[in-house]
Amino acid sequence: MKKEDRFVKQITPKSVDFSKWYGEIIRKAELADYAPMKGMMIIRPYGYAIWENLKAQLDKRIKDSGHSNAYFPLFIPESLLAKETEHLEGFSPEVAWVTHGGQEELEERLAVRPTSEAIIGSMYSKWIKSWRDLPLLINQWANIVRWEKVTRPFLRTTEFLWQEGHTVHETSEEAQEETLMILAMYKEFVESELAIPVISGIKSEREKFAGALATYAIEALMSDGKALQMGTSHNLGQHFSKVFNIRYEDRNQNIQYAWQTSWGMSTRLIGALIMAHGDDSGLRLPPRIAPIQAVIVPISLGNWKDEVLPVAVKIQSELHEMGLRVELDQREEFTPGWKFSEWEMRGVPIRIEIGPRDVKENQAICVRRDSGKKEPVPLDALAVKLPELLSDIQKSLYAKALEFQMTNTHDIESYEEFKATLEEQRGFLRTFWCGKTACEERIKEETMATIRVILLEEDKSIGGERCILCGEKSEHLAYFARAY
RNA sequence: CGGGGCGUAGCGCAGUCCGGGUAGCGCACAGCGUUCGGGACGCUGGGGUCGUGGGUUCAAAUCCCACCGCCCCGACCA
C-alpha cells in the first residue's frame, strides 16, 4: 500500500512486525482485551458479535445435518477421565484440577474439561441399548480449559469457546462417513462464511487426537505464511466405547461396541479471520459474518443535521428493513475523517458517505474496505447495489486468499529445496513422506515444519513417489508448514 | 520450560545508569467555543498505592535484596 493511501496510522504495519500488528488489531478494533490472569482474555462485544455470527452459521449446518444440541458438565471426575489412558496422557499436562469445595478437600479431584469425550461417553453408555438408539448425533457449545504454557489471544488461550460434536454409530463405516461428512462441512463453512480457503486431509499418527483412531483436519495459510489448524474431525473407532462400555444389541441380536466420532471448531476462527484477511489498515471482515456490514458516515458540513442526517436515517432504516446490518455513525465529537479510519480499522466491508453535495445530487458514496474503491450510487439504487457489493466483497476476499494460498503452495522435490523454500518464503510445502514418525520428527527438528495434513486417497493424482527425507517409496502426499 | 524485553494516569512513553530532593509529556477523557468530503483547533479541567514486599537514607520511581506479573522469540498443543 502506498504511503499516501494508508489512512489508518494507529497500528503497526503487518509487514513491519506481524505479531505486534496482530495484537494491536485485537485491542484497537476492540475484539478482545487481556484478562488479569495469564493466558486469559475478555472477548469484547465487537469480537463476540463475530463469534455469534460464526456460531449461528455453523449451528445451522450442524442442525441441518441431523445433530441436536445438548449440554454436559464443566467438571469431569478424575476416574472418568483416566479410563482411556492414551486420552488422559495426551491431555494431562494441560488439565486444570479442582481440589476443594469451599474449605473441604474433595474425595476425588475434578478436571475442568479439556474436551468432553469422557463425560459424554459415560452418559452414552446409559442411553444406548439397541441399534434403534443409533445413530446418536449430539453437539454441544461450551467453554474448555487447557493449561497452555504459551498463549496468544484467540489462537491459544487457557479458556476458549468451541463446539464439540459427539456421535455414535452402528458400524465402522458409518462412523467414518460421519467423520468425513463433518470435515467437508467444516471446509464448506470456512470457505463460504469466513472466505478462507482451506486444505483438508488426515493428520499423521503423531499429530492425531489423543485416543482417536484417525484425525482429519482443515488447515489454512495465514498471510505471514504460517499454517493454522481451523477444525478437526476424529474417527474414535471403539476406543471410548470399550472403556465407557457403550454397547448395543445389533440387528442380528449380537451385543456390540458402538463406533464413535468427535469434532470441533473454536474461537480460534476469529484469529484466522484477522490473520488471513487483515491488512496494514486493520481488519477486513467478510460481509457474511461482519457484525456491521455497512456504516453510514454523514458528512457534517453546514446545516447537516437538517439536510443530511434525515436522509442518512432514511437510508439506514431502508437497508435495515432488508435485513442488512447497517450502522449510522452520527457521533458529533468525531470528524468524518476520524470515523473513516476507525471503521476501516474495524473491518466494516462498506462505508456509505453522505454529505450536502450528495443530498443535492440524490446519491451516496460507497467505499469498499477490501479495495478502497469509491463510487457514487443513486439513493434509490442503494437497495440493489449494496447486496451486490457485499457479495462481491465476500467473493473477492476469498479469491485474494486463494490466490495467496496457491502462490504460497510449493511442490517440493528435494530436502534441500524443502529447507530453502521454508527459509525464503514459508507457505505450504507439498511433498511425499514415507509415513515413518522418525522422518517426520527429524524434519520438524531441522526445519520447524510439521505435517499439517496428508491428502486423502481420492485426492491423490499420483502414487509411488519417494519420501523427501529418506527416499523410501511413498504414497503419502503431505502438506508441511510451520504452524501456529 | 529456556532466551530476550518490559512494569510510572485508560493507552504509548520520558524520568532510573552517571547525579536520591515538588512525578512529567503525547494521545485519550470532561467542559466551553470554533470546526467537519481522509484521524481538526483553541482555552480550561480531572485523573498516579511509580508492579509487590522488605531494606539503606533526613529524604527513594531513582540505590540494595526478594518476589510477582505481562509481552515477544524458541521446545509441546483447538
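All of these numbers come straight from a predicted model, not from anything done at the bench. Every chain is numbered from 1 and lettered A, B, ... according to where its sequence line falls, protein lines coming before strand lines.
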A.B. asks: Can you list every pair that meets ring-ring contact (aromatic ring centres under 6.0 Å, His included) and has a residue in residues 191-227 of chain A, with sequence neighbours left out?
C.D. replies: A:His87-A:Phe209, A:Phe91-A:Phe209, A:Phe209-A:His234
A.B. asks: Measure from the side-chain heavy atoms of A:Met448 and tell me the nearest of B:rA78, B:rG12, B:rA75.
C.D. replies: B:rA75
A.B. asks: Does the base of B:rG10 carry an N or O that pairs as donor and acceptor with the side chain of A:Arg27 under 3.5 Å?
C.D. replies: no
A.B. asks: At under 4.0 Å between heavy atoms, what does A:Thr157 touch on the DNA or RNA strands: base, sugar-phosphate, or nothing?
C.D. replies: base
A.B. asks: Take the protein atom NE2 of A:His166 and the nucleotide atom C1' of B:rA78, then report the distance between them rounded to whole Å.
C.D. replies: 13 Å
A.B. asks: Rounded to whole Å, please give me the gap between CD in A:Glu446 and P in B:rG74.
C.D. replies: 18 Å
A.B. asks: Tell me the partner of B:rG69, counting only Watson-Crick (N1-N3 plus N6-O4 or O6-N4) or G-U wobble (N1-O2 and O6-N3) with both under 3.5 Å; none if nothing fits.
C.D. replies: B:rC6
A.B. asks: Please measure how far the P atom in B:rA14 lies from the corresponding atom in B:rA9, and state the result in whole Å.
C.D. replies: 12 Å
A.B. asks: For the pair A:Phe480 and A:Phe428, evaluate ring-ring contact (aromatic ring centres under 6.0 Å, His included) and give the outcome as yes or no after the intermediate values.
C.D. replies: CA-CA 6 Å; A:Phe480 285 82; A:Phe428 282 132; over 10 Å; no
A.B. asks: Quick check: does any side chain N or O of A:Lys14 sit under 3.5 Å from a backbone N or O of A:Gly278, one acting as donor and the other as acceptor?
C.D. replies: yes
A.B. asks: Could you check whether A:Glu353 gets within reach of a base, just the sugar-phosphate, or nothing at all, counting any heavy atom under 4.0 Å?
C.D. replies: base
A.B. asks: Would you please confirm or rule out a distance under 4.0 Å between OP1 or OP2 of B:rG37 and any side-chain N or O of A:Lys339?
C.D. replies: no
A.B. asks: Report the distance from atom CD of A:Glu333 to atom C1' of B:rG31, rounded to the nearest whole Å.
C.D. replies: 14 Å
A.B. asks: Select one nucleotide: of B:rG74, B:rA40, B:rC77, the one nearest the side-chain heavy atoms of A:Glu148.
C.D. replies: B:rC77
A.B. asks: Within the 4.5 Å heavy-atom criterion, are A:Ser300 and A:Lys305 side-chain neighbours or not?
C.D. replies: no
A.B. asks: Is the closest side-chain donor-acceptor distance between A:Ser192 and A:Glu188 under 3.5 Å?
C.D. replies: yes
A.B. asks: Counting only Watson-Crick pairs (N1-N3 plus N6-O4 or O6-N4) and G-U wobbles (N1-O2, O6-N3), all under 3.5 Å, who is the partner of B:rG24?
C.D. replies: B:rC13
A.B. asks: Work out how far the P atom of B:rG26 is from that of B:rC18, and round it to whole angstrom.
C.D. replies: 30 Å
A.B. asks: Any salt bridge linking A:Lys385 with A:Glu375? Criterion: basic side-chain nitrogen under 4.0 Å from a carboxylate oxygen.
C.D. replies: yes
A.B. asks: On a whole-Å scale, what distance lies between the P atoms belonging to B:rC25 and B:rC43?
C.D. replies: 14 Å
A.B. asks: Measuring only the C1' atom in each nucleotide, how far is B:rC63 from B:rG48? A whole number of Å is fine.
C.D. replies: 23 Å
A.B. asks: Main chain of A:Asn235, side chain of A:Trp259: is a donor-acceptor contact present, judged purely on distance under 3.5 Å?
C.D. replies: no
A.B. asks: Within this structure, what is the CZ-to-P distance between A:Arg152 and B:rA78, rounded to whole angstrom?
C.D. replies: 17 Å
A.B. asks: Pick the C1' atom in B:rC76 and in B:rG2, then give their distance to the nearest Å.
C.D. replies: 13 Å
A.B. asks: Of the listed nucleotides (B:rA78, B:rG37, B:rC72), which one gets closest to any side-chain atom of A:Asp358?
C.D. replies: B:rG37
A.B. asks: Output the rounded distance in Å from CZ (A:Arg331) to C1' (B:rU35).
C.D. replies: 17 Å
A.B. asks: Rounding to a whole Å, what distance do you find between A:Phe340:CZ and B:rG38:P?
C.D. replies: 6 Å
A.B. asks: Considering every strand and a 4.0 Å limit on heavy-atom distances, what is the contact class for A:Ile365: base, sugar-phosphate, or nothing?
C.D. replies: base
A.B. asks: Choosing from B:rC29, B:rC77, B:rC36, which nucleotide comes nearest the side chain of A:Phe334?
C.D. replies: B:rC29
A.B. asks: Ring centres within less than 5.5 Å and planes less than 30° apart: is that true of A:Phe160 and B:rA78 in this structure?
C.D. replies: yes
A.B. asks: Any base atoms under 4.0 Å from A:Pro93, or only sugar-phosphate, or nothing? Heavy atoms, all strands.
C.D. replies: nothing
A.B. asks: May I ask you to decide if A:Gln229's main-chain N or O and A:Arg268's side chain share a donor-acceptor pair within less than 3.5 Å?
C.D. replies: yes
A.B. asks: So A:Ser300, base contact, sugar-phosphate only, or nothing? Heavy-atom distance under 4.0 Å.
C.D. replies: base
A.B. asks: Taking atom C1' of B:rG33 as reference, at what distance in whole Å does atom CD of A:Glu332 sit?
C.D. replies: 14 Å
A.B. asks: For the C1' atoms, the ones on B:rC50 and on B:rG20, what distance do you get once it is rounded to whole angstrom?
C.D. replies: 15 Å
A.B. asks: Of A:Glu445 and A:Pro356, whose closest RNA chain B nucleotide lies nearer the 5' terminus?
C.D. replies: A:Pro356
A.B. asks: Considering every strand and a 4.0 Å limit on heavy-atom distances, what is the contact class for A:Lys305: base, sugar-phosphate, or nothing?
C.D. replies: nothing
A.B. asks: For atom C1', what is the distance between B:rG37 and B:rA30, given to the nearest Å?
C.D. replies: 29 Å
A.B. asks: Classify the side-chain pair A:Ser241/A:Gln260 by whether it contains a donor and acceptor separated by less than 3.5 Å.
C.D. replies: no
A.B. asks: Say you pick atom P in B:rU35 and the same atom in B:rC73; how far apart are they, in whole Å?
C.D. replies: 49 Å
A.B. asks: Would you indicate which nucleotide in B:rA40, B:rA78, B:rC36 comes nearest to any side-chain atom of A:Ser266?
C.D. replies: B:rA78
A.B. asks: Does A:Lys20 or A:Trp304 map to a spot on RNA chain B nearer the 5' end, using the closest nucleotide for each?
C.D. replies: A:Trp304
A.B. asks: Round to the nearest Å and state the distance from A:Ile354 atom CD1 to B:rG38 atom C1'.
C.D. replies: 18 Å
A.B. asks: My understanding is that a pair needs two contacts under 3.5 Å, Watson-Crick or G-U wobble. By that rule, which nucleotide pairs with B:rU62?
C.D. replies: none
A.B. asks: Can you tell me the Watson-Crick or wobble partner of B:rC76, both distances under 3.5 angstrom?
C.D. replies: none
A.B. asks: Using a cut-off of less than 4.0 Å, is there contact between a side-chain N or O of A:Ser341 and OP1 or OP2 of B:rG38?
C.D. replies: no
A.B. asks: What nucleic acid atoms does A:Gly355 come within less than 4.0 Å of, heavy atoms only: base, sugar-phosphate, or nothing?
C.D. replies: base
A.B. asks: Describe the nucleic acid contact of A:Arg206 in one word from base, sugar-phosphate, nothing, applying a heavy-atom distance below 4.0 Å.
C.D. replies: sugar-phosphate
A.B. asks: Are A:Arg156 and B:rC76 close enough that a side-chain N or O sits under 4.0 Å from OP1 or OP2?
C.D. replies: no
A.B. asks: What nucleotide among B:rC73, B:rG38, B:rG37 has an atom nearest to a side-chain atom of A:Ile299?
C.D. replies: B:rG37
A.B. asks: Paired with B:rA30 by Watson-Crick or G-U wobble geometry, both distances under 3.5 Å: which nucleotide is it?
C.D. replies: B:rU44
